Amino acid sequence: MKLTVVGCSGSFPSTGSACSSYLVEADGFRLLLDMGNGALGELQRHVGLYDLDAIFLSHLHADHCIDMCAYFVVRYYRFDGGRPAVIPVYGPEGTEGRLTTAHADTPSDHAMSEVFDFHTLKSGSFEIGPFSVRTEKVCHPVETFGIRIEHEGRTLTYSGDTGTCEALAELAEGADLFLCEASFVHGKEDIPDLHLNGREAGEYAARAGAGRLVLTHIPPWTDAARNLSDAREVYDGPVELAVPGAVYEV
């Protein structure tokens, strides 16, 4: 599998990064994990507008899904070549309604479903293209799913947004690459069931025996270097900060 960081800023875009969005590729299949603020523009640096095969939305906060409204315009109003085939979109219950409301000017109440084939996420295992995936609810104020992606014996886990929870440890177990949020700073913010800090992300990676940890979803006002240092104190494997354009072979 190949993982490309499209955007990795948490909560709102920074001067150097769009919000959460990650491209996973294998066997010619392209799966996008989240499409937050600014992600659609950055995505075009890595793949054509009509070359995605499926989209996974971990939850419906704007910094993870709002550019789907712009992507609706791209697909619904396409002139050159006609409207493309519908693309599978996996998201929490109410995803279609949330995007329709956010766009606020769709031609009809069902226009989103004319370009997006919505699938409601539940905890469990299923297939997306060549990938075997497992999704589990994690701890966040709205329904949110982490995802474990397997392909040819290799595993990538993406936390989504989460506080501490057992489901995250299960999803990350033995992962070759653990893409984990680290929004808070250890000793500074402590809000249950909202976000992790760098130290907690490192603890989960160590507990899971993950091969590599990449810290993501760090807001512009958070000390990313501190989070990186905190993670390294508790996790002995390779750990780094996600940056836009970074590519990982999993």
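Just so it is clear, the model here is predicted, and its values are computed rather than measured.
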One should read off an interatomic distance between Cys165 SG and Glu136 CD, to the nearest 0.5 angstrom, of 9.5 Å
- Using only heavy-atom distances, determine whether the side chains of Ser58 and Asp34 contain a donor-acceptor pair under 3.5 Å. yes
To the nearest 0.5 Å, atom OG1 of Thr216 lies from atom CG of Asn227 at 11.5 Å
Practice item. Would you mind reporting whether Thr135 and Phe126 have side-chain heavy atoms less than 4.5 Å apart? Key: yes
d(Leu179 CG, Cys8 SG) to nearest 0.5 Å is 9.0 Å
Item to check | Any donor-acceptor pair under 3.5 Å from Asp176 side chain to Thr155 backbone | outcome: yes
Practice item. State whether the side chain of Thr144 and the backbone N or O of Val142 hold a donor-acceptor pair below 3.5 Å, judged by distance alone. Key: yes
Output for pair (Glu200 CD, Glu181 CD), nearest 0.5 Å, gives 9.0 Å
- request: Please determine, by modelled atom types, if Ser132 and Glu127 share a side-chain donor-acceptor pair under 3.5 angstrom.
  value: yes
> Looking at side-chain heavy atoms only, is the closest gap between Val250 and Ile149 below 4.5 Å?
Replying inline: no
Can you check whether Leu171's main-chain N or O pairs, donor with acceptor, with Thr157's side chain at less than 3.5 Å?
yes
| Does Glu114 come within less than 4.0 Å of Arg83, counting only side-chain N to carboxylate O? | yes
Can Arg199 and Glu189 be counted as an ion pair, charged N to O under 4.0 angstrom?
-> no
### Message
Checking the side chain of Thr222 only, and the main-chain atoms of Ile218 only, is there a donor and an acceptor separated by less than 3.5 Å?
### Response
no
Under the 3.5 angstrom rule, does the side chain of Arg75 hit a backbone N or O of Ala85 as a donor-acceptor pair? yes
*asked:* One pair to check against ring-ring contact (aromatic ring centres under 6.0 Å, His included): Phe145 and Phe56. What are the steps and the verdict?
replied: CA-CA 10 Å; Phe145 291 85; Phe56 167 87; 7.6 Å; no
inquiry  = Under a 3.5 Å distance rule, please check whether Thr106 uses its side chain to pair with a backbone N or O of Asp109 as donor and acceptor.
reply    = no
The single option from Leu23, Thr4, Val5 that satisfies side chain to side chain contact (heavy atoms under 4.5 Å, CB included) with Val247 is Thr4
Would you call Arg134-Glu170 a salt bridge at under 4.0 Å N-O? yes
Looking at Met1, is its backbone amide N or carbonyl O close enough to the side chain of Tyr248 to form a donor-acceptor pair, meaning the two atoms are under 3.5 Å apart? no
**OP:** Identify whether the distance between the nearest side-chain nitrogen and carboxylate oxygen of Asp53 and Arg30 falls below 4.0 Å.
**Re:** no
message = Donor-acceptor check, side chain of Ser17 to backbone of Ser14, threshold 3.5 angstrom: yes or no?
response = no
Could you check whether the rings of Tyr71 and Phe116 sit parallel, tilted or perpendicular, using 30° and 60° as the cut-offs?
parallel
Backbone N or O of Glu93 within a donor-acceptor pair of the Arg98 side chain at under 3.5 Å? no
Would you check if the side chain of Asp193 reaches a backbone N or O of Gly163 as a donor-acceptor pair within less than 3.5 Å? no
Q) Looking at Lys2 and Glu249, does any basic side-chain N land under 4.0 Å from a carboxylate oxygen? A) no
cation_pi(Arg212, Phe178) dist<6.0 Å, angle<=45
no
- Query: Side chains of His140 and His195: do they bring a donor and an acceptor to under 3.5 Å?
  - Reply: no
> Using the ring of each side chain (for Trp, its six-membered ring), is Phe72 parallel, tilted or perpendicular to His103, with breaks at 30° and 60°?
Replying inline: perpendicular
Parallel, tilted or perpendicular: rings of His217 and His64 (30°, 60°): parallel
